[in-house]
Amino acid sequence: MALGNHSTITEFLLLGLSADPKIQALLFVLFLMIYLLTLMGNLMMILVIHTDSKLHTPMYLFLSHLSFQDLFYSSVTVPKMLEDLLSQRKAISVDGCLAQVFFMLATTGIEACLLSVMAYDRYAAICHPLLYGQMMSKQVCVRLVWGSWVVAFLDALINTLLALNLDFCELQTIPHYSCELPSLFPLSCSDTSTNAAMLLCSALFHAIGTCLLIFFSYARIVATILSISSTSGRSKAFITCSSHLTAVSLFYGSAVLRYLMPTSGSALELVLSIQYSVITPLLNPLIYSLKNKEVKPALGRTMLRYLKCLR
């Protein structure tokens, strides 16, 4: 990416999570384990969904894309964090910083869109079971998935292109372990009002737009479930939605707050960022495998199939 008139500086310094070498070593081990488990969990989900024919349904198509997005997301931030935990000078180039901003915005937007699409899928399955095949046909699902990716990447591109016009006049430190767009605004010596307004519009679009779709989908779902006379039927329907609701709570409880709150370099910002960029990608495959009666046997079948191949 060209940087225009950003010739005055070439890099930022990241303060990271701690300046204590002993704590940094412990954090390195912790986040390395989390990253490896994240890669293994999400790759396993993608493998199981694509190899088991019983999981070739719209819900699991969306879930496979969510797992791929989680792989992508964690790989944007965690490797650089691990490198910095072992480095004395935690520097990142301006180009690298803006690239990280772009991919973080894109992956955050993709997850928000996919979660709302998955809520619509649950609404169609529970509220209109007879029309489900028509409402969630293969063509519709493919359009919803790629629409999520296109919208998120366009939104990230617009915000990043605006960030290219920011001037950074001297070497600056970022009170974070990664480059997030709100953290760059206080470092700029040019007017950031347009950038802040665009970021706010993007955050509101993803937060309000996707949240409304999720809210209305679940409002109809709850109304339909309560109208079921059978207690076991109601319980089964609630269990069907529990994994998705857990994933929604984890993501929106941290990501939306982070992008709507003013930047202050506080510990809360770091905690929220770690929650949605490190912890959520780790937990999503666990949530959908441990709480799903279809994924667990499929996982067992896949493991047996590959063990037989190894023999």
Side-chain angles (χ1 to χ4, degrees), residues 45-46 48-50 52-70 108-152 204-256 280 283-299:
M45 285 296 296
I46 294 170
V48 169
I49 290 170
H50 283 275
D52 197 299
S53 59
K54 292 184 178 181
L55 300 183
H56 292 175
T57 62
M59 175 183 175
Y60 293 106
L61 169 67
F62 301 141
L63 183 54
S64 67
H65 278 266
L66 184 66
S67 292
F68 178 77
Q69 183 274 337
D70 282 334
T108 303
I110 292 166
E111 180 141 1
C113 291
L114 285 176
L115 288 174
S116 64
V117 166
M118 292 170 77
Y120 176 73
D121 173 73
R122 293 299 82 205
Y123 156 75
I126 293 174
C127 300
H128 302 284
L130 298 180
L131 298 175
Y132 181 74
Q134 180 181 345
M135 294 175 67
M136 301 302 294
S137 65
K138 184 176 181 180
Q139 294 81 1
V140 171
C141 293
V142 170
R143 289 171 185 168
L144 288 172
V145 167
W146 290 114
S148 299
W149 284 81
V150 169
V151 168
L204 290 175
F205 167 75
H206 286 294
I208 295 178
T210 57
C211 277
L212 282 177
L213 180 56
I214 292 171
F215 174 79
F216 284 120
S217 295
Y218 274 101
R220 294 293 303 275
I221 288 170
V222 170
T224 300
I225 290 175
L226 293 177
S227 66
I228 299 174
S229 57
S230 168
T231 303
S232 61
R234 288 198 299 268
S235 176
K236 183 179 179 180
F238 274 119
I239 290 172
T240 301
C241 301
S242 62
S243 297
H244 180 257
L245 282 173
T246 304
V248 167
S249 301
L250 283 172
F251 176 74
Y252 281 94
S254 53
V256 174
T280 297
L283 294 180
N284 276 344
L286 294 175
I287 291 168
Y288 280 99
S289 60
L290 295 177
K291 299 185 70 174
N292 194 300
K293 293 182 179 180
E294 293 177 315
V295 172
K296 283 190 288 185
L299 180 61

Roughly how far, to the nearest 0.5 Å, is the [atom2] atom of [Y] from the [atom1] atom of [X]?
X	Y	atom1	atom2	result
I46	S64	CD1	OG	7.0 Å
E111	D70	CD	CG	5.0 Å
Y132	S137	OH	OG	10.5 Å
H65	I110	NE2	CD1	10.5 Å

### Query
Once the angle between the rings of W149 and F68 is folded into 0 to 90°, is it parallel (under 30°), tilted (30 to 60°) or perpendicular (over 60°)?
tilted

Evaluate the side-chain proximity of [Y] to [X]: yes if any heavy-atom separation is below 4.5 Å, no if none is.
X	Y	value
L115	T210	no
M118	V248	no
Q134	V140	no

Smallest separation among heavy atoms of [X] and [Y], with atom names:
X	Y	result
P58	M136	CG-O, 3.6 Å
S217	Y123	CB-CB, 4.0 Å
T224	C127	OG1-SG, 3.2 Å
A119	Y218	CB-CE1, 4.0 Å
M135	Y120	CE-OH, 3.5 Å

### Test side chain to side chain contact (heavy atoms under 4.5 Å, CB included) applied to Y60 and I49, L66, D121, the passing residue
I49

### Message
Between N284 and Q69, is there a side-chain donor-acceptor contact under 3.5 Å, judged purely by atom types and distance?
### Response
no

### Query
Taking the side chain from H50 and the backbone from M45, do they hold a donor-acceptor pair closer than 3.5 Å?
no

